[in-house]
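Note that the structure is a prediction, hence the values are computed from the model and not measured. Residue numbers count from 1 along this sequence. All ligand and atom numbering here is 1-based and tracks the order in the structure.
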Amino acid sequence: MKKLVGIMALGSALGLGSVAGQAGEVEVLHWWTSGGEAKALGELKSTLESQGVSWKDMPVAGGGGSSAMTVLRSRVMSGQAPTAVQMMGFDILDWGQEGVVANLNGVAAEEGWDAVVPAALQKFAKYDGQWIAAPVNIHSTNWVWGNKALLSKLNIAVPESWNDFIEAMEKVKAAGFVALAHGGQAWQDATVFDGVVMATGGVDFYRKALIELDQEALTSDTMRQVFDRMRQLRGLVDDNFPGRDWNLASAMVINGDAAFQMMGDWAKGEFLNAGKVPGTDFVCFRTPGSQGAVVFNTDQFAMFEVDAERQDAQLKMASAVLSPEFQVAFNTVKGSVPVRTDISDEAFDACGKKAMADLREAVTKDTLVGSMAHGHAAPAAVKSALYDVVTAHFNGTMSSDEAVTQLAASIQNAF
Ligand code: GAL
């Protein structure tokens, strides 16, 4: 840690830290590069530009953010930390521990963030009692998106149970359409896995296996069944799925080439960007079997320590992100829900209203859990161990038994 701080100090002594920065500019590293994502981010750019803060864009494509995190590390090591970085869960805490982040306590106190941001989010926005990140949104991963016209044409109702869901997809496949639009990338396989674990084992099992990393849960029959179900899904994707980006999989559902996509509610941003209306053109429902639970992730802008001349713009950005107006403008486009508990659902569409109601219910019933796939269940090393096994199983011929054994072992070795 000391070494990293030393390198940063050297970087700013050489003037590297301020190469890109003039007063009134924020340099922002993020992975919001799809149509819907870029449109949502545009809301932040224009809000800041209206306050005289210019935007230096540093996009690093790749859902889930692994590539963005690699770029970030090399930037910080060379003393060129961006002003703000899109970040999730345990990664934020890791950077907090490195001691290279900004202190947002002043603006947070002035604007009363403690009172309006749910505790589940504060857990990742603060390090050692200090606000280091500005939470932008709340997404959740246990969603399915369906093409309404195709489902009507095939006389398929929204499935309530896992078996109904599989039956529905078999019907779609038999009719010559793609049942499940999916992109074979590790983070997408893991995103599906989040929902399948919840649908198969319920909240207590999800917590035990993916948050407490309990060996008994990880090696249980329930986990074996989770992998059996992943294998069922593998039989319902098309042949071209390897490597496909998530938004191209969304496009298959939008265009009616595929019936369903199992993806976080950022997928809704793609439907909206294509001019589609929930309830009319597409349906949103919880991964069948996981109703009543919410597997969440929250994108936050982690703020890095910057030169004095860049601090003002950084604080303006933090303040803008938490403002009620921005929260509505951004989240209605992005597919997520606000991070503030004091915002009405009036401006949100049917899926957004459902997401907000589900979240309230999950907080009350204690069925809100962090997404493993998106860094809110366990630290990065565990997440990547899980990615490896889930994706090797999904893309290969590994049996459920082997997958269970490998998962439990590689999670144990990740510490
Ligand atoms: C997630 C992120 C979302 C969405 C998605 C795909 O990790 O939380 O905001 O953008 O990646 O890029």
Exercise. For Asn137 and ligand 1, does the shortest N/O to N/O distance drop below 3.5 Å?
Worked result: no

Exercise. Under 4.0 Å from any heavy atom of Lys334, which atoms of ligand 1 are there?
Worked result: 3 (C), 4 (C), 9 (O), 10 (O)

Exercise. Between Phe304 and Trp95, is the ring centre distance below 6.0 Å?
Worked result: yes

Seminar exercise, completed: If we number the atoms of ligand 1 from 1 as shown, the ones under 4.0 Å from a heavy atom of Met88 are 7 (O), 8 (O)

Exercise. Are any of the side-chain nitrogens in Lys208 or Glu216 under 4.0 Å away from the carboxylate oxygens of its partner?
Worked result: no

Problem set entry | Distance from atom 2 (C) of ligand 1 to nearest protein heavy atom, with residue and atom | Asp299 OD1, 3.3 Å

Exercise. How are the rings of Trp32 and His30 set to each other: parallel, tilted or perpendicular (split at 30° and 60°)?
Worked result: tilted

Problem set entry | Ring geometry between Phe124 and Phe296 (parallel below 30°, tilted from 30 to 60°, perpendicular above 60°) | tilted

Problem set entry | Subset of ligand 1 atoms that lie under 4.0 Å from at least one heavy atom of Asn297 | 8 (O)

For this session: Among all protein heavy atoms, pick out the one at the shortest distance from atom 10 (O) of ligand 1; state its residue, atom name and that distance to 0.1 Å.
Result: Glu37 OE2, 2.3 Å

Exercise. Atoms of ligand 1 less than 4.0 Å from Gly63 heavy atoms?
Worked result: 6 (C), 12 (O)

For this session: Tell me which protein heavy atom sits closest to atom 1 (C) of ligand 1, plus the residue, atom name and distance to 0.1 Å.
Result: His374 ND1, 3.5 Å

Problem set entry | Ring centers of Phe394, His182 separated by less than 6.0 Å | yes

Exercise. Do the side-chain N and O atoms of Asn247 and Glu270 include a donor-acceptor pair separated by under 3.5 angstrom?
Worked result: no

For this session: Examine ligand 1 and decide if any of its atoms is less than 4.0 Å from a heavy atom belonging to Gly64.
Result: yes

Exercise. When you measure from atom 11 (O) of ligand 1 to every protein heavy atom, which one gives the shortest distance, and what is it?
Worked result: Trp31 NE1, 3.1 Å

Exercise. Does Phe227 have its ring centroid less than 6.0 Å away from the ring centroid of Phe193?
Worked result: yes

